[in-house]
Amino acid sequence: MNQPRPVKKPAPPLNAGSLRQLALHYVGKYATTQSKFAVYLTRKIRERGWDDERCADLAGLTEQFTSLGYINDAQFAEARSRSFVRRGFGGRRLNEDLRAIGIGDADAINAKAHMEESIFTAAENFAKRKRLGPFAQEAAPPEKRIKQLNAFLRAGHSFELAKRFVYAEPGDDLSDV
């Protein structure tokens with residue numbers, strides 16, 4: 001016989017103190033951006049409700065956590081750039097990602113500069129991961145190379161760089177070209 005699950009007691013509504021504690025727990029556990037942080041807090045207030053005389057000051061809390069260094073969009077963007085290079089994604093994909101998570105151009109300058117410096121490494125990492133071009137076991141037929149080229153483009157690389165890797169023969173050294 002299946003026993004019915006006990007119904008969990010809903011969490012109490014938030015107030016200024018409990019919202020701050022929830023926010024501290026979140027930034028202590030996750031790296032985040034100002035935008036994602038505000039969305040998280042808004043969702044929690046919507047889910048649990050608000051029980052305080054004053055309105056929730058999400059902008060003030062976000063600004064305070066940013067000034068304390070708990071939230072740093074520029075560092076988040078740089079870390080995302082390093083991660084994208086390791087995973088083999090290109091500059092266009094990074095730009096789209098940074099825009100989607102709400103990081104402004106001023107905070108993305110160093111991340112974009114890092115990507116520009118590491119674009120060849122990112123493409124090489126992508127080719128290694130997918131076993132394309134110089135990292136393939138055997139040369140791909142023309143129709144498969146078109147698919148590989150499209151995969152490179154979807155990963156955010158330029159057409160010229162993608163073509164250079166996809167049309168390389170297995171074992172070619174592209175670092176000196």
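Among residues two or more places apart in sequence or in another chain, the side chain to side chain contact (heavy atoms under 4.5 Å, CB included) test is passed with A74 by N72, D107. Residues that satisfy the side chain to side chain donor-acceptor pair (under 3.5 Å) test with D97, not counting sequence neighbours, are R80. Partners of R54 by side chain to side chain donor-acceptor pair (under 3.5 Å), not counting sequence neighbours: none found. When the salt bridge (Lys or Arg N to Asp or Glu O under 4.0 Å) test is applied to E169, the partners found at least two apart in sequence or on another chain are R145. Taking the side chain to side chain donor-acceptor pair (under 3.5 Å) definition, one finds that T66 meets it with Q34, sequence neighbours left out. With sequence neighbours left out, the side chain to side chain contact (heavy atoms under 4.5 Å, CB included) criterion links K163 to L149, F159, Y167. Shown here are the side chain to side chain contact (heavy atoms under 4.5 Å, CB included) partners of F120, two or more places apart in sequence or in another chain: E124, L161, R164, F165, L174. With sequence neighbours left out, the side chain to side chain contact (heavy atoms under 4.5 Å, CB included) criterion links N110 to E78. Scanning for salt bridge (Lys or Arg N to Asp or Glu O under 4.0 Å) contacts around R43 gives E47, with sequence neighbours left out. Applying the side chain to side chain donor-acceptor pair (under 3.5 Å) rule to Q148 yields no partners; only residues at least two apart in sequence or on another chain are considered.
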Show me the donor-acceptor pairs, under 3.5 Å and distance only, between side chains in residues 10-33 and residues at least two apart or in other chains.
unit_1: N15; atom_1: OD1; unit_2: G17; atom_2: N; d: 3.1
unit_1: N15; atom_1: OD1; unit_2: S18; atom_2: N; d: 2.8
unit_1: N15; atom_1: OD1; unit_2: S18; atom_2: OG; d: 3.1
unit_1: S18; atom_1: OG; unit_2: N15; atom_2: N; d: 2.8
unit_1: S18; atom_1: OG; unit_2: N15; atom_2: O; d: 3.2
unit_1: R20; atom_1: NH1; unit_2: Q64; atom_2: OE1; d: 3.0
unit_1: T33; atom_1: OG1; unit_2: K36; atom_2: N; d: 3.1
unit_1: T33; atom_1: OG1; unit_2: I101; atom_2: O; d: 3.4

Under 3.5 Å, side-chain donor or acceptor atoms of residues 127-141 against the rest of the protein: list the pairs with distances, not counting sequence neighbours.
unit_1: R129; atom_1: NE; unit_2: R87; atom_2: O; d: 3.0
unit_1: R129; atom_1: NH2; unit_2: R87; atom_2: O; d: 3.0

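Judged purely by atom type and a 3.5 angstrom limit, S81 has no side-chain atom pairing as donor or acceptor with the backbone of A77.
Cluster membership for I119 and V166, using ILVMFWY side-chain heavy atoms within less than 4.5 angstrom, is shared. I103 and L41 end up in different hydrophobic clusters when Ile, Leu, Val, Met, Phe, Trp and Tyr side chains are linked at under 4.5 Å.
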